[in-house]
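Okay, structure first, notes after.
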Amino acid sequence: MERRRPRRAGPAALRRRPGGHPAQDGGRRVNTEEDLLARVALTWLAEPGTRSVHGLVDELGPAGALDLLLDGGAPEEWLRTAVTARSREGDARAVAADALARTQRLGARIVTPDDEEWPARVEDLRRMVLPGANRRVDREAAPPLCLWTRGGWPLREALDRSVAVVGARAATGYGLHVATELGYGLADRDWTVVSGGAFGIDAAAHRGALNAGGLTVAVLACGIDRPYPMGNAGLFDRIAETGLLVSEWMPGAEPFRPRFLIRNRVIAAATLGTVLVEAAARSGATQTFNRALAVGRRPMVVPGPVTSAMSVGAHELLREQSSARLVTGVPHVLEEVGRIGADLAPPARAPQHPRDLLDDEAALVLESMPRRGAVDVDRLAARAGVDLRTALRKLSLLEELGMVRRRDDGYALVARPASAPGAPPAHAPGSITGPP
């Protein structure tokens, strides 16, 4: 399936209709300027993913939910405290208006659930429950209220055929090689590569996709105008030029530590599957994997050396999660997320040797040949335990196959080089280093 070229869309704020109620556009609900402003204000008052805020928006609409929170009507005490604390820094609607203006100046746009390009899969976060979720960041995993995007691709189209590739920041050379190969191979097959833009595995997957001339999406834990880590600023510019930068936080927002875990739920839910390349025992990448499991996406793990500390977390997930699939390359990944019956990975096979085509008697005659020198037919038949006629027939076959040759003093093996020219590679077709 060939994707169409991206269209350059203007800021979403410029496409909203003024007024107090949602308008209708061809049967599709369209946000008013007030609703858009309220959604932005709500993401500033409370961290994205807060379930009670999401529920209030469902019940009262964005503007009604904002009014309730500002009037002190938050259903939980911790949320009332957070709203009060944020309100001391400024008026929520004024902050939201500044964010809209800044978004427009950046040439970015805001996408909401009422927009045509909203990625519908993130709505599955409504039902996501993480086992043993004791931390608030694990419990508060509602869908986003809105998403900032920078780049020309429509968000829904970019994520339609997408796979997340995540892993350790302190990646090994092995992990970087694997992530780059996966990113390149997936993009080369017209799949979007999604990751978090971090050092290590994330950056390698993004670069692999870019090198293939494909589409990649970076989901950030800060504003889309604040490259983090700063060392990847050039990478983010490349992604924005040909793919998409995405964030739940308004421009200028800082990359606080909890925001990376909040962000990970979007990576997991927006894609069809998550591939974990390398992860230490305590790794944020395993959180993305667990969220993919909880939301019903395909969870995949690339194995690493058993001696590597950077693969301990990945191997534990393979041991503990029965639904986790071991993958060694793009064919395995596509078998998990692709079309049923159409994207099957070829079975792993060793290179075929001409000896594999021999019947039992021919193989026995060949094995009975001396490693050096020649042997007469009578002695060879005795060594192989076959009659003379059978030995002659099988020798004739072996001679045709170029395995033995007839000499004046009998038959001798044909010497072969250790690696015959044109011989197939020794790796399996599904492996990372296998042929495309």
Side-chain angles (χ1 to χ4, degrees), residues 49 125 128 130-141 163-183 193-208 216-222 228-229 231-232 235 255-271 273-295 297-328 332-333 336 432:
L125 290 168
M128 188 181 85
L130 289 168
N134 299 318
R135 300 177 301 174
R136 183 182 298 162
V137 72
D138 293 328
R139 297 192 303 270
E140 305 296 336
V163 176
V165 180
V166 299
R169 285 174 294 177
T172 67
Y174 164 80
L176 295 175
H177 171 75
V178 170
T180 302
E181 290 288 314
L182 285 172
V193 177
V194 180
S195 199
F199 287 136
I201 298 301
D202 289 16
H206 288 308
R207 289 193 177 97
T216 187
V217 174
V219 184
L220 308 180
C222 56
Y228 182 86
N232 281 347
L235 174 63
F256 296 135
R257 186 181 296 271
R259 289 179 173 174
F260 291 93
L261 292 181
I262 295 172
R263 177 275 312 271
N264 288 349
R265 83 194 196 288
V266 175
I267 295 176
T271 53
T274 293
V275 183
L276 182 66
V277 176
E278 278 190 320
R282 291 174 56 86
S283 171
T286 62
Q287 303 302 319
T288 307
F289 184 93
N290 287 328
R291 282 154 174 74
L293 270 172
V295 83
R297 303 296 184 257
R298 303 300 295 175
M300 294 163 276
V301 177
V302 175
V306 296
T307 55
S308 173
M310 299 315 300
S311 289
V312 170
H315 293 163
E316 283 303 305
L317 287 172
L318 279 174
R319 282 172 48 82
E320 295 170 0
Q321 303 294 341
S322 59
S323 59
R325 296 283 286 178
L326 185 150
V327 296
T328 63
H332 288 167
V333 174
E336 294 300 309
I432 292 295

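Start at 1 with the first residue, then count along the sequence.
Exactly one of T274, N264, D138 qualifies for a side-chain hydrogen bond (donor to acceptor under 3.5 Å, both in side chains) with R291. That residue is D138.
In this structure, CZ in R139 is found 7.5 Å from CG in N134, a value given to the nearest 0.5 Å. Between S195 atom OG and L182 atom CG the span is 11.0 Å, to the nearest 0.5 Å. The CE atom of M310 sits 9.5 Å away from atom CZ of R169, with the distance rounded to the nearest 0.5 Å. Distance check, rounded to the nearest 0.5 Å: CD1 of I262 to CD of Q287 gives 12.5 Å. Remark: L293 CG to R298 CZ distance equals 10.0 Å, nearest 0.5 Å. Here the CG atom belonging to L317 is positioned 13.0 Å from the CE atom belonging to M300, to the nearest 0.5 angstrom.
In terms of heavy-atom proximity, P229 sits nearest to A198 at CD-CA, 4.1 Å. The heavy-atom pair separating V312 from A281 by the smallest distance is CG1-CB, 4.2 Å. In this structure, P299 and S323 approach most closely via the heavy-atom pair CG-O, 3.6 Å. Of all non-hydrogen atoms in Q321 and N290, the two that sit nearest each other are NE2-OD1, 4.4 Å. What you find for F260 and A221 is that their closest heavy atoms are CD2-CB, 3.6 Å. Nearest heavy atom pair, residue A285 against residue L276, reads CB-CD1, 3.5 Å.
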Checklist entry - Going through the checks in order, is the side chain to side chain contact (heavy atoms under 4.5 Å, CB included) test met by D202 and V166? => result CA-CA 6 Å; D202 289 16; V166 299; 4.3 Å; yes
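The closest side-chain heavy-atom distance from T271 to V163 is not below 4.5 Å. Within the 4.5 Å cutoff, no side-chain heavy atoms of P303 are placed close to those of S311. P305 is listed as a side-chain neighbour of Y174, based on a closest heavy-atom distance under 4.5 Å. The shortest side-chain heavy-atom distance between N232 and F199 falls under the 4.5 Å cut-off.
Of the possible polar contacts, none joining the E336 side chain to the G273 backbone as a donor-acceptor pair under 3.5 Å is found. Remark: the backbone N or O of S283 is paired with a side-chain donor or acceptor of T286 at under 3.5 angstrom. The closest donor-acceptor contact from the side chain of R265 to the backbone of L125 lies at 3.5 Å or more, if one exists at all.
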